[in-house]
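Written out below as structure tokens is the structure these notes cover.
Just so it is clear, the structure is predicted and the values come from calculations on it, not from any experiment. Throughout, a chain's letter reflects where its sequence line sits, starting with A, and its residues are numbered from 1.
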Amino acid sequence: MAEEIEQRYDPAVIEPKWQQRWAADPGLYAAEPADCGKPKYYVLEMLPYPSGALHMGHVRNYSIGDALARQMWMRGYNVLHPMGWDAFGLPAENAALKNHTPPREWTLANIAAMKRQFLRLGMGFDWATEVTTCMPEYYRWNQWFFLKMYEKGLAYRKKSKVNWCPECATVLANEQVVDGCCWRHEDTIVEQRDLVQWFLRITAYAEELLNDLAKLDGWPEKVRTMQRNWIGRSEGTEVDFFLSEKVDQGLGTEGPGTRGEGTGNKGQGSGVRARGSESEGAGNREQGTERQADPAAAQRNDDLPMGSQIFQRNADLSMGTAIPLLSARKDSWLEAAQRGNAVRIRVFTTRVDTIFGATSVQLAPQHALVAKLTADNPALKAQVDELIEQQKKAREAGDLGAIEKHGIATGRVAINPYNGQPVPIWVANYILADYGTGAIMSVPGHDERDFEFATKYGLEIRQVIAPVSESGTAEDEAVLPFVSEDGVLINSGEFDGLKSMDAQMLLQSVASSRGFGEAKVTYRLKDWGVSRQRYWGTPIPMIYCDKDGIVPVPEEQLPVLLPEAIEITQQGGSPLGRVGEFVNVTCPKCGGPAKRETDTMDTFVDSSWYFYRYPDAKNSTAPFDPKIAKYWFPIDQYIGGVEHAILHLIYSRFWTKVMRDLGLITNDEPVARLFTQGMVIKDGAKMSKSKGNVVSPDDMVARYGADSARMYSLFASPPDRDLDWQEDGVAGVSRFLGRVWRLVTKYSALARSIGDHSHPFRTNVQTAGPSTPLRYAQEDGAPEREARKPEGLSLKLLRKMHQTTAKITLDFEGRWHFNTCVAAIMELVNEIQGADAQLAAGALEPQVMRELLRTVVLLLAPFAPYLAAELWEELGEEGAVLRAEWPKSDPELAKEDELEFAVQVNGKLVSVVKVAADADGAAMEAAARADERVQARIAGKTVVKAIVVPGKLVNLVVK
RNA sequence: GCGGAAGUGGUGAAAUGGCAAACACACUAGCCUUAGGAGCUAGCGCCGCGAGGCUUAGGGGUUCAAGUCCCCUCUUCCGCACCA
């Protein structure tokens with residue numbers, strides 16, 4: 001009786017037992033040195049933030065990575081599988097406010113708690129290489145990197161408009177603003193503030209970050225697309241329009257930064273006029289003309305060689321002659337404007353070929369020139385302020401794209417440098433100050449947005465691109481706006497007849513040679529603002545001296561330690577600013593009194609390079625040894641949530657390139673293969689406290705054991721899809737593991753009874769390296785034996801076993817459908833169990849039984865490590881199952897000797913027929929025609945055609 | 001609006017263009033009794049007593065053959081969104 005009770009699968013007994021044994025063997029999950037002779041495999045899961053408890057998303061993430069790591073160990077690789085803590089960050093400060101626990105204490109306690117969870121889950125991490133980013137041993141290297149970047153001009157300070165989260169009381173990077181709100185506080189609208197901030201010059205690598213995406217063929221296309229969009233490269237042209245009057249004698253050659261005082265008086269009342277102009281059609285053009293202050297511009301028509309044929313219409317472009325001719329031409333109005341230092345309005349456009357269709361210039365409300373133009377015109381300024389307000393509201397609501405277009409005519413006029421034509425200057429709420437130059441030329445004939453705007457305000461719409469007909473000639477008729485770049489220029493003076501693309505190049509050359517523009521590549525990506533006005537982060541190692549200005553902390557003085565025992569508040573700027581002994585230092589240059597930077601670094605700095613630290617985690621003289629990094633990098637497989645597709649992964653790529661240029665590493669990219677797993681959801685919704693649908697891993701482990709929780713998270717759906725957590729499913733997996741346990745314990749004595757552990761039924765015995773997984777290998781030292789062909793039940797079960805092994809091995813190689821892997825093991829176990837009556841009667845030789853049970857345990861080992869360890873021992877095997885050799889599938893034994901195939905008549909399934917496995921197509925067809933049900937279907941009809949797919953099916957087409 | 005992914009039983013899901021629904025969950029019936037979050041047997045897409053027919057969001061197409069490929073529509077999720 002008592003014995004019977006003991007014979008139940010009880011993870012609550014098995015798992016703690018093995019957890020203890022593993023804890024006593026710290027080398028178990030340790031990677032070996034580079035010269036171990038094995039191929040390396042670096043498998044990494046994204047490190048968690050130590051919030052205090054793991055959630056189901058973690059369990060899933062780490063179950064995937066751990067299964068992979070374990071399988072690679074079994075395949076003989078030198079596996080690095082580390083873990084660490086993304087330990088800086090705001091929640092620690094919030095906790096400090098709430099509970100009066102110092103952030104450090106709170107964080108370390110959380111780490112301890114979560115580490116216990118990891119250990120209880122049986123995750124195979126090498127804790128000897130643990131990295132905790134809030135420890136000085138780690139963050140000193142953040143500071144070191146910062147100094148290196150400062151030396152190379154990659155870290156710089158500037159005042160700028162920044163995203164400010166009132167809830168966090170700190171600045172956010174662009175990447176951390178989601179729909180106008182804080183990424184941590186979805187309901188908190190991000191404000192814009194002017195602050196002096198430290199930036200990392202990620203834009204210096206924009207081109208490489210973009211181009212190298214092409215190399216990352218082991219990354220999901222989705223992530224690459226997201227990064228491509230985020231970088232947002234756009235090729236175009238910057239062109240100066242000239243203000244037809246001088247705003248300020250002394251200045252005016254800059255674009256958006258133009259300074260100067262508006263003359264003001266001329267603009268008075270123009271805003272009112274703009275509204276009135278709606279009914280005037282093209283009247284604005286006249287308005288511009290009459291306001292022209294530069295007499296030279298009035299001569300434009302005489303200056304333009306409208307009829308001259310610098311190159312022939314529709315003829316091939318001859319740049320070589322065209323450029324010098326055009327460049328040498330002298331337009332008196334242009335010369336006058338340039339000589340007179342006329343104020344330039346620099347616009348960015350990707351369609352400079354449409355510039356003859358520009359019928360206005362549109363400025364962002366926050367464009368520097370707008371302030372000058374409205375300085376003496378309160379009415380106009382009030383209207384501009386309204387546009388700014390609209391833009392701000394739209395930005396906050398997150399739907400800048402849906403903003404209703406509003407604009408105001410300034411009453412001023414700008415001159416198109418290509419033809420001297422005046423166009424009115426407007427201010428519009430759909431123009432962004434921080435993209436391009438903050439100003440555009442509006443071409444309503446060939447741009448959707450400009451068309452909408454021009455229609456609304458009655459601005460002129462002029463067609464300058466004609467679609468090309470099939471015969472290659474220009475068609476003058478087109479529905480406007482015609483936005484295609486597949487067209488030829490019309491109404492564009494001497495450029496008429498050029499193809500759009502050719503015209504872009506030519507117009508660019510003309511602009512640069514005549515000094516009013518240039519080709520320009522613009523990125524959406526902005527430099528990475530890393531200053532945070534918070535305490536719990538890496539102090540920025542900079543000192544401000546009245547005499548010497550900005551002075552970097554000398555390298556030998558690192559780390560700049562975070563002071564302990566300070567009061568955390570969210571008021572009055574950075575908490576460090578109130579710690580006198582931290583702030584007040586002596587200047588490293590002059591020895592005089594100076595002050596430290598009191599901002600800390602964005603925590604994404606920590607996670608940008610933490611994985612380089614793992615292989616050399618104890619290094620106290622460098623962030624890591626380049627030789628060690630060279631061996632381990634790039635990471636072979638990185639696994640994490642898709643929510644890090646932009647932030648973490650683009651920063652990490654940037655950091656890698658910087659480290660490469662510092663000579664620390666040789667790889668261009670940190671990660672060869674990236675896998676983004678799906679979310680864990682419950683009842684169709686993301687788990688969250690507010691929805692009350694959170695499932696705790698501790699609960700699951702307590703009720704069903706770690707193996708069941710882990711295996712369910714792999715079984716319930718393929719890893720890239722979302723997983724719906726159903727507790728009944730966990731129970732089902734637990735029952736399955738119970739069946740395995742009963743099966744193995746029932747026959748383990750039999751399996752153990754054989755002293756000779758060689759395998760009687762291996763047909764193509766040969767030694768195989770880790771990279772040839774499907775080949776068969778003999779166990780170490782065992783003598784080769786004569787192959788025997790198994791029969792009957794042995795054959796049936798061994799065949800299933802070899803088929804299962806092949807399927808799972810293949811899945812690990814790439815497809816990663818671990819759900820069907822688990823299902824396959826279930827099928828195998830079901831089949832063995834289905835023969836239990838025969839097994840109990842002794843139908844199998846002990847060797848076969850042993851081989852079956854042994855293989856089941858080995859196949860289970862990546863998914864249910866505790867049970868596998870227990871049963872491995874139960875089978876009398878020595879050593880860790882983790883280091884046992886992954887089973888090899890023997891194709892001979894996996895092969896079926898009977899073939900079942902479908903027979904269709906006119907594509908409809910009629911029968912299923914069996915033939916010998918080696919039957920050819922003719923034999924299959926004959927067997928198909930002989931089948932009764934098939935006969936009934938084809939009787940009295942003619943078989944027109946017979947499609948035979950060997951090994952698959954026969955389809956008889958009849959009439 | 002643009003781009004991407006997805007849509008299959010009561011549920012999670014499976015299926016290199018070749019027998020749709022493997023493996024589980026839930027459910028139903030029966031057995032067992034150590035009455036368990038246990039085990040075993042059988043059933044379980046829909047219609048139909050049955051023979052048989054129908055079925056992968058809806059509609060079209062390609063093919064001997066389509067859940068799978070192509071086109072259109074609908075729905076859900078994700079990303080991007082006046083980026084000039």
Side-chain angles (χ1 to χ4, degrees), chain A residues 1 4-5 8-9 179 220-223 225-226 228-230 232-234 236-237 347-351 354 362 364 391 394 398-405 428-432 434-443 447-450 452-453 522-524 642-643 645-646 678-679 681 684 703-704 712 715-718 720-736 738-739 742 815 817 819-827 829-830 833 836 900-913 944-949 951-958:
Chain A
M1 283 278 267
E4 291 281 315
I5 289 167
R8 290 184 49 182
Y9 166 56
D179 290 340
E221 192 52 51
K222 178 190 168 80
V223 173
T225 303
M226 284 167 73
R228 207 171 285 126
N229 291 341
W230 187 262
R233 183 181 197 274
S234 155
T237 312
V347 304
F348 175 69
T349 177
T350 55
R351 290 297 304 276
T354 65
Q362 302 283 343
Q391 226 173 39
D399 58 350
L400 209 55
I403 194 170
E404 197 193 327
K405 292 182 180 55
N429 65 356
Y430 71 99
I431 308 302
L432 307 172
D434 58 359
Y435 185 79
T437 60
I440 66 152
M441 61 178 200
S442 177
V443 185
D447 182 280
E448 298 274 3
R449 297 155 300 186
D450 296 343
E452 187 190 329
F453 190 87
T522 299
Y523 299 93
R524 210 183 77 116
V642 73
E643 65 271 21
I646 293 175
M679 282 190 308
I681 57 176
R703 292 190 206 184
Y704 304 102
Y712 172 74
F715 175 60
S717 68
D720 55 329
R721 288 245 286 266
D722 283 352
L723 181 154
D724 191 57
W725 194 270
Q726 296 185 359
E727 194 171 323
D728 285 335
V730 189
V733 170
S734 171
R735 285 199 293 272
F736 167 69
R739 287 212 305 281
R742 282 196 303 278
R815 208 178 69 137
H817 279 196
N819 55 331
T820 60
C821 291
V822 174
I825 299 173
M826 288 174 170
E827 281 188 57
V829 170
N830 289 350
Q833 251 193 337
D836 193 54
E900 236 184 24
F901 64 94
V903 183
Q904 300 176 338
V905 174
N906 286 345
K908 291 195 90 165
L909 180 72
V910 169
S911 187
V912 175
V913 173
V944 185
K945 195 173 172 189
I947 287 109
V948 180
V949 183
K952 287 278 167 68
L953 99 175
V954 171
N955 185 10
L956 301 173
V957 185
V958 301

Mind checking if A/Arg735 touches a base, just sugar-phosphate, or nothing, with heavy atoms under 4.0 Å? sugar-phosphate
Establish, for the pair A/Lys405 and A/Phe453, whether the NZ or CZ atom is under 6.0 angstrom from the six-membered ring centre and no further than 45 degrees off its axis. no
Mind calculating the distance between CE (A/Met226) and C1' (B/rG3) to the nearest angstrom? 12 Å
Among the candidates B/rA14, B/rC83, B/rA20, find the nucleotide nearest to the side-chain atoms of A/Leu909. B/rA20
Roughly how many Å is it from CG in A/Asn906 to P in B/rC19, rounded to a whole number? 17 Å
Given that both distances must come in under 3.5 Å, which nucleotide forms a Watson-Crick or G-U wobble pair with B/rA35? none
Can you tell me how far C1' of B/rU76 sits from CG of A/Asp722, to the nearest Å? 12 Å
Go ahead and name the base partner of B/rA84; Watson-Crick or wobble counts if both distances stay under 3.5 Å, otherwise write none. none
Would you call A/Lys945 and A/Asn955 a side-chain contact if the rule is heavy atoms closer than 4.5 Å? no
Counting side-chain heavy atoms from CB outward, which of B/rA84, B/rU16, B/rG37 is closest to A/Tyr704? B/rG37
What's A/Gly232 touching, base or sugar-phosphate or nothing? Going by heavy atoms closer than 4.0 Å. nothing
Nearest whole Å is fine: how far is B/rG4 P from A/Asn229 CG? 11 Å
Just the rounded figure in Å: distance from C1' of B/rC78 to CD1 of A/Ile681. 13 Å
Assign each of A/Ile440 and A/Met826 the nucleotide of RNA chain B bearing its closest heavy atom; nearer the 5' end lies the nucleotide of A/Met826
Under 3.5 Å, is there a donor-acceptor pair between the side chain of A/Ser717 and the main chain of A/Asp722? yes
I want to verify a distance call: between B/rA84, B/rG39, B/rC19, whose nearest atom is closest to the A/Phe348 side chain? B/rA84
Counting any heavy atom closer than 4.0 Å, what does A/Phe736 reach on the DNA or RNA strands: base, sugar-phosphate only, or nothing? nothing
Give the rounded distance in Å between these two atoms: CD of A/Gln904 and C1' of B/rU63. 12 Å
A/Tyr435 has a side chain; which of B/rC83, B/rC64, B/rC40 sits nearest to it? B/rC83
Do the non-hydrogen side-chain atoms of A/Tyr712 and A/Leu723 ever get within less than 4.5 Å of each other? yes
Which nucleotide, if any, forms a Watson-Crick or G-U wobble pair with B/rA5, using both distances under 3.5 Å? B/rU76
Give the nucleotide from the list B/rA14, B/rG18, B/rG37 with an atom nearest to the side chain of A/Asn819. B/rA14
A/Arg351 CZ to B/rC83 C1', in whole Å, measures 16 Å
What's A/Asp450 touching, base or sugar-phosphate or nothing? Going by heavy atoms closer than 4.0 Å. nothing
Cut-off 3.5 Å, side chains only: do A/Gln362 and A/Tyr430 have a donor facing an acceptor? no
Measuring from the side chain of A/Val957 (C-beta onward, heavy atoms only), which nucleotide among B/rA24, B/rC64, B/rA13 has the closest atom? B/rC64
Which one is paired to B/rG30, where only Watson-Crick or G-U wobble pairs with both distances under 3.5 angstrom count? B/rC40
With heavy atoms under 4.0 Å as the rule, sort A/Phe715 into base, sugar-phosphate or nothing. base
Find the partner of B/rA21: check Watson-Crick (N1-N3 plus N6-O4 or O6-N4) and G-U wobble (N1-O2, O6-N3) distances, both under 3.5 Å, and reply none if neither fits. none
Syn or anti: how is B/rG67 classified when any glycosidic angle within 90° of 0 counts as syn? anti
Take A/Pro718 and A/Lys945, find for each the nucleotide of RNA chain B with the closest heavy atom, and name the residue whose nucleotide sits nearer the 5' end. A/Pro718
Would a distance-only check, ignoring hydrogens and angles, find a side-chain to backbone donor-acceptor pair under 3.5 Å from A/Asn906 to A/Val958? yes
Compute whether any side-chain donor of one residue and acceptor of the other, for A/Arg739 and A/Asn830, lie under 3.5 angstrom apart. yes
Taking a pair to mean Watson-Crick or G-U wobble geometry with both distances below 3.5 Å, B/rA15 pairs with none
Can you say whether a donor on the side chain of A/Asn955 sits under 3.5 Å from an acceptor on the base of B/rC64, or the other way round? yes
Rounded C1' spacing from B/rU33 to B/rU56 in Å: 44 Å
Between B/rG7 and B/rG67, how far apart are the C1' atoms? Round to whole Å, please. 11 Å
Using Watson-Crick or G-U wobble geometry with both distances below 3.5 Å, tell me the partner of B/rU62, or none. none
Whole angstroms only, please: what is the OH-P distance between A/Tyr523 and B/rA84? 13 Å
From B/rG18, B/rG39, B/rC19, pick the nucleotide closest to the side chain of A/Arg742? B/rG39
Please give me the minimum heavy-atom distance between A/Ala902 and A/Leu909, naming the atom from each residue. CB-CD1, 3.6 Å
A/Tyr430, nearest nucleotide to its side chain (from B/rC82, B/rC23, B/rC80): B/rC82
Of the listed B/rC83, B/rG12, B/rC19, the closest approach to the A/Ala716 side chain comes from B/rG12
Nearest to the side chain of A/Ile947 - B/rA15, B/rG18, B/rA26? B/rG18
